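What follows is a short report on a single structure.
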There are 2 protein chains.
Amino acid sequence: MSNPPHLTFDPDKPGTSKGHLVVPKGADCEALSLPVFSLNKGDGPRLLITGGCHGNELEGPLVAQRLIAWLPEAQICGRIIIVPVLNPPAVQAFSRNTPIDGLNLNRVFPGRAEGSLTERIADAVSRLLLPMADTVFDLHSFGPIWDFPPSTTTHPIADPALMIKTIRMAEAFKLPMTLVWDHPDTPGMFDISAHNQGKVFVCVELGGGIIGDEALAIYDAGVRNALISLGVVEGKAEYPTFRRRRSGQTLHTRRPADELKSPLPGIFEPRCSMLGEVKQGDLIGILHPMDSSSANSSDIRSPGPSIVCGVRSGGYVEVGEWLALLARPLNR
Amino acid sequence: MSNPPHLTFDPDKPGTSKGHLVVPKGADCEALSLPVFSLNKGDGPRLLITGGCHGNELEGPLVAQRLIAWLPEAQICGRIIIVPVLNPPAVQAFSRNTPIDGLNLNRVFPGRAEGSLTERIADAVSRLLLPMADTVFDLHSFGPIWDFPPSTTTHPIADPALMIKTIRMAEAFKLPMTLVWDHPDTPGMFDISAHNQGKVFVCVELGGGIIGDEALAIYDAGVRNALISLGVVEGKAEYPTFRRRRSGQTLHTRRPADELKSPLPGIFEPRCSMLGEVKQGDLIGILHPMDSSSANSSDIRSPGPSIVCGVRSGGYVEVGEWLALLARPLNR
């Protein structure tokens with residue numbers, strides 16, 4: 001058996017330290033070294049911030065790099081461990097999944113020490129980094145094929161006390177949407193592993209996966225707001241401006257009723273506004289079949305009063321693909 | 001030999017007619033029927049409008065569909081033939097190239113009657129549709145990985161009279177940018193074929209390839225402006241609002257000096273504004289290596305005074321990938 005995963009430096013050392021998390025080699029590839037930074041100002045919150053779980057979501061790694069630049073001056077207490085890129089081979093391939101084994105890192109937690117590369121990364125993170133933190137911010141992007149507001153998300157958590165703490169932490173980012181997402185595909189997710197260890201885990205979903213100035217500025221502001229609320233930096237938390245509004249709302253989406261899917265193949269043209277309210281029968285979008293000069297377009301309408309929390313940005317869809325995700329205010 | 005390509009209807013019939021352009025079967029697949037519409041109001045300009053050349057550029061097909069809905073009422077003269085989707089298998093695969101033979105339709109013109117599917121589509125379009133028009137609007141999208149203004153483009157044309165007519169037609173869309181593009185890879189392009197037949201050909205490049213409301217509205221306005229300038233519909237042409245500005249400029253980009261390429265692999269973070277002026281040494285973006293905790297980021301700077309006509313939206317880039325395209329006002 002190869003060496004177990006390890007850190008090349010002591011993250012308990014005061015001040016800023018850097019080194020690598022070494023993921024051991026396996027049958028499929030050599031050992032991998034993930035750059036890791038520890039910003040240690042003593043007692044206080046113990047935070048882990050990760051980016052680059054999916055290789056085609058690159059706002060997270062850049063926001064993490066910016067934190068490494070400005071936090072050492074600003075931080076007043078606590079320890080923040082930052083891993084800008086959890087999955088370097090996926091980032092280098094600009095691909096959601098790891099090219100070497102085809103696996104989605106966010107579906108293999110807590111990982112396997114003797115598994116393929118993606119499972120070994122998850123195992124190293126679960127065993128070495130997760131125990132060092134009370135709170136985790138995992139920086140994702142929602143991706144280019146959806147119009148989705150800058151948001152923090154959590155899945156429903158069985159433990160009510162942890163659920164309340166997690167929602168409060170998610171709301172502290174002051175992003176346009178805080179979403180409790182009853183997601184159909186949670187086994188193996190990083191947050192489920194973290195919740196099982198009693199951690200507060202917030203997934204930040206922001207930007208198109210390809211980097212724009214506005215998205216990065218909102219991402220920066222959201223993470224700064226969360227750090228202010230934890231007390232590790234000083235300042236005043238404020239809602240960032242998004243599409244000329246400065247506000248946030250906390251929503252809940254339930255399955256399967258809130259998942260609008262395509263009844264036929266065609267080009268989807270969205271016709272609703274993200275975070276807009278819709279009544280029963282309101283137009284969500286139009287499906288254009290395109291395969292015959294006599295085919296008619298179909299209207300896609302809301303099944304009931306809802307808030308649109310995300311809509312496909314338009315594109316060719318097959319039967320059963322998601323067109324929109326609806327939600328309503330969280331009933332606390 | 002199979003039947004030659006043919007139309008299933010008579011496009012010379014007055015009023016609105018619809019049918020199909022039949023692309024003959026070949027060794028690789030059965031015959032293909034492309035929906036075609038003819039809007040015929042007698043004497044006047046003879047126009048061909050095409051969309052869906054690349055299957056992941058879907059604004060064009062929707063704008064074409066909208067034209068079919070509003071033009072029959074508004075058109076006062078001339079004949080407009082509309083093909084919303086030139087390459088249906090590519091649209092169904094949401095892929096730039098045709099999945100059946102892997103070819104880019106916009107690199108195989110004028111096509112081959114006995115070639116693979118993509119070549120047979122080009123041959124049918126070149127032989128049947130192109131001779132019916134004096135002017136062609138080919139509706140593309142620039143795609144999601146670039147920040148690129150709504151624009152009309154043309155390559156340099158050897159015939160000075162056709163070049164002047166083409167630039168005037170391109171400017172008539174009144175989009176934020178009209179670009180004369182000295183492109184490195186023009187053999188087999190649709191416009192080159194059309195220029196060789198003496199046609200005015202304007203390529204419209206707009207939107208991210210995934211459909212948003214703002215992009216569609218600007219696209220609609222641009223095509224309407226061009227139709228007004230041709231005299232086939234009545235109305236007043238106006239610059240559409242784009243990022244709060246209503247204006248347009250005509251630029252010229254030359255190779256290789258105006259193509260900024262990546263000197264190393266990493267995550268590219270754009271730091272300049274599309275259509276913004278830059279001086280020599282101004283920051284275009286930052287490259288973040290990400291593969292080591294000690295690697296430094298590199299600034300990418302402008303080699304000279306220029307206007308930024310497009311910039312990578314950010315993402316992982318390899319050595320030699322384009323990061324930005326610069327230009328300067330066209331010297332007439």
Side-chain angles (χ1 to χ4, degrees), chain A residues 8-9 17-20 33-37 52 55-56 58-59 61-62 65-66 68-69 84-85 88 90-95 144-147 207-213 215-216 265-273 285-286 288 290-295 297 312-318, chain B residues 8-9 18-20 33-37 51-52 55-56 58-59 61-62 65-66 68-69 84-85 88 90-95 144-147 207-213 215-216 265-273 285-286 288 290-295 297 312-318:
Chain A
T8 62
F9 69 111
S17 321
K18 60 187 182 183
H20 293 90
S33 292
L34 315 188
V36 176
F37 301 77
N56 57 354
L58 299 183
E59 281 89 353
L62 288 191
Q65 290 282 14
R66 291 180 176 197
I68 293 159
V85 176
V91 165
Q92 280 154 33
F94 196 42
S95 132
I145 68 166
W146 278 79
D147 197 21
I210 43 182
I211 296 141
D213 259 4
L216 274 183
I267 299 179
F268 178 63
E269 176 188 356
R271 281 294 191 93
C272 59
S273 294
I286 304 173
H288 303 273
M290 293 282 163
D291 53 353
S292 150
S293 60
S294 57
S297 298
R312 269 291 294 252
S313 300
Y316 191 84
V317 294
E318 296 290 351
Chain B
T8 62
F9 70 112
K18 60 188 182 182
H20 294 89
S33 293
L34 315 188
V36 176
F37 300 77
N56 57 354
L58 299 182
E59 281 89 353
L62 289 190
Q65 289 281 12
R66 290 180 176 195
I68 292 158
V85 176
V91 166
Q92 279 154 34
F94 197 41
S95 134
I145 68 166
W146 279 79
D147 198 19
I210 43 181
I211 297 142
D213 260 2
L216 273 182
I267 299 179
F268 178 64
E269 177 189 355
R271 280 295 190 91
C272 58
S273 293
I286 304 173
H288 303 273
M290 291 284 162
D291 53 353
S292 149
S293 60
S294 57
S297 298
R312 269 289 297 251
S313 300
Y316 191 83
V317 294
E318 296 290 352

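Keep in mind the model is a prediction, meaning the values are calculated, not measured. Below, chain A is the first sequence line, B the second, and so on; all start at residue 1.
Only the side chain of Leu216(B) comes within less than 4.5 Å of a heavy atom in chain A; its backbone stays farther off. Interface remark: Val91(B) contributes backbone and side-chain atoms alike to the contact with chain A (heavy atom separation under 4.5 Å). With a threshold of 4.5 angstrom between heavy atoms, Pro61(A) approaches chain B through its backbone and through its side chain.
By the side-chain hydrogen bond (donor to acceptor under 3.5 Å, both in side chains) test, Ser297(A) pairs with His288(A), sequence neighbours left out. Remark: Pro265(A) pairs with Tyr316(A), Glu318(A), Val319(A) by the side chain to side chain contact (heavy atoms under 4.5 Å, CB included) rule, at least two apart or across chains.
A donor-acceptor contact shorter than 3.5 Å is absent between the side chain of Ser95(A) and the backbone of Gly55(A).
For the options Val317(A), Val85(A), Ile267(A), heavy-atom pairs under 4.5 Å to chain B are most numerous at Ile267(A).
Taken to the nearest 0.5 Å, the CD1 atom of Ile286(A) stands 5.0 Å off from the CD atom of Glu269(A).
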